[in-house]
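First comes the structure, then the notes that go with it.
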Amino acid sequence: MAEVHVIGQIMGATGFSESSLFCKWGVHTGAAWKLLSGIREGQTQVDTPQVGDMAYWSHPIDLHFATKGLQGWPRLHLQVWSQDSFGRCQLAGYGFCHVPSSPGTHQLACHTWRPLGSWREQLARAFVGGGPQLLHGDTIYSGADRYRLHTAAGGTVHLEIGLLLRHFDRYGVEC
C-alpha cells in the first residue's frame with residue numbers, strides 16, 4: 001500500500017476580533033485510507049496575544065496513513081474558539097484545508113468563517129456570549145448545505161506541513 005506521512009504544526013492564528021484563542025482540529029479521509037500512527041484529532045492550548053494579533057500555538061501534527069487509492073485525500077478541519085475571563089468559550093471560526101499532495105514543506109493559510117444566525121442570536125452573542133454553531137461537523141468541508149448559511153468571515157489559521165510519500169511509484173503515481 002502507498003503511504004503518506006504528514007508532519008507539521010498548527011503555528012497560530014491572526015485576524016480574529018476575539019482574544020484568548022484555541023483551536024480544535026481533526027483530519028478527515030476517505031474510506032480507502034487507514035491511519036497507521038498518530039492521533040486523528042486534538043486541541044491546542046489557549047493563547048492571548050500580548051503584542052500584535054498573532055495567537056501562537058505551535059501544536060504538533062504527526063500522522064502516518066496507508067492508502068489503496070487517491071480518492072479521499074486527507075483534509076484538516078479546524079474550529080477556532082475564544083475564551084472569556086469567566087472561562088466561557090464561544091466559536092470564533094470554522095475552516096478546512098486539504099493536505100498538500102506534493103512532498104516537501106508547505107506553508108498553509110486556512111481562512112475561517114462562522115455562522116451569523118438570526119438578529120436575535122447576533123444580539124445574544126454580543127451581550128451574553130455563545131452564538132450559533134453547526135449541528136454536523138462535516139458541513140465544514142462539504143459544500144452541500146453550506147451555501148444556505150449566512151456567515152461572517154473570521155481570521156486565518158497558519159499551518160506548516162511537511163509531507164512524505166512512499167510507494168506511490170508502485171501504483172503508477174509520479175511524485
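All residue numbers in this chain count up from 1 along the given sequence.
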Look at the side chain of T44 and the backbone N and O of C23, then say whether any donor-acceptor pair between them is shorter than 3.5 Å.
yes
Might you confirm whether atom CD of Q71 has over 12 heavy atoms from other residues, nucleotides or ligands at distances under 6.0 Å?
no
Within the 4.5 Å heavy-atom criterion, are T29 and K34 side-chain neighbours or not?
no
Is a side-chain donor or acceptor of D53 paired with a backbone partner of G15 at a separation under 3.5 angstrom?
yes
Answer with yes or no whether the hydrophobic clustering places V99 together with L36; edges join I, L, V, M, F, W, Y residues whose side-chain heavy atoms lie under 4.5 Å apart.
no
Closest heavy-atom pair and its distance - D62, H5
OD1-NE2, 2.9 Å
Measure across L21 and A92 and return the closest heavy-atom pair with its distance rounded to 0.1 Å.
CD2-CB, 4.4 Å
In terms of hydrophobic clusters joined by side-chain contacts under 4.5 Å, are V4 and L108 together?
yes
Rounded to the nearest 0.5 Å, what's the gap from CH2 on W73 to NE2 on H28? Could you check?
14.5 Å
Hphob cluster co-occupancy, V6 + L70, side-chain heavy atoms under 4.5 angstrom:
yes
For residues A32 and G69, report the shortest heavy-atom separation together with the two atoms involved.
CB-N, 4.2 Å
Taking side chain as C-beta onward, heavy atoms only, is H98 less than 4.5 Å from R75?
yes
In this structure, CZ of R114 is separated from CZ of F16 (nearest 0.5 Å) by 10.5 Å
Could you see if V46 belongs to whatever hydrophobic cluster contains W81? Use Ile, Leu, Val, Met, Phe, Trp, Tyr and a side-chain cutoff under 4.5 Å.
yes
Group every Ile, Leu, Val, Met, Phe, Trp and Tyr by side-chain heavy-atom contacts under 4.5 Å, then state whether V157 and L63 land in the same group.
yes
Just jot down the ring pair (Phe, Tyr, Trp, His ring centres under 6.0 Å) partners of F65, sequence neighbours excluded, or say none.
W33
So do F22 and K24 actually touch side chain to side chain, heavy atoms under 4.5 Å?
yes
Any side-chain donor paired with an acceptor under 3.5 Å for H64 and E3?
yes
Test item: L76 and I161 side chains (from C-beta on) under 4.5 Å apart, heavy atoms
yes
Work out which heavy atom in S102 is nearest to a heavy atom in L163; give both atom names and the distance.
O-CD2, 3.5 Å
Heavy-atom closest contact (V27 atom, P74 atom, distance)
CG2-CB, 4.0 Å
Side-chain heavy-atom pair S58, Q9 within 4.5 angstrom cut-off:
yes
Could you check whether any side-chain N or O of Q45 sits under 3.5 Å from a backbone N or O of W57, counting only pairs where one atom can act as donor and the other as acceptor?
yes
What pair of heavy atoms forms the shortest contact from S19 to S82, and how long is it?
O-CB, 3.6 Å
First locate atom CH2 of W25, then atom NE2 of H77, and finally report the distance between them rounded to the nearest 0.5 Å.
9.0 Å
Are L91 and P115 packed together at the side-chain level, in the sense that at least one heavy-atom pair is separated by less than 4.5 angstrom?
yes
Within the distance-only criterion (no hydrogens, no angle test), does the side chain of E41 pair as donor or acceptor with the backbone N or O of I39 below 3.5 angstrom?
no
Rounded to the nearest 0.5 Å, the CD atom of E160 sits from the CD1 atom of I61 at a distance of 11.0 Å
Side chains of T48 and S20: any donor to acceptor distance under 3.5 Å?
yes
With the side chain counted from C-beta on, respond yes when L159 and L78 share a heavy-atom pair under 4.5 Å apart, and no when they do not.
yes
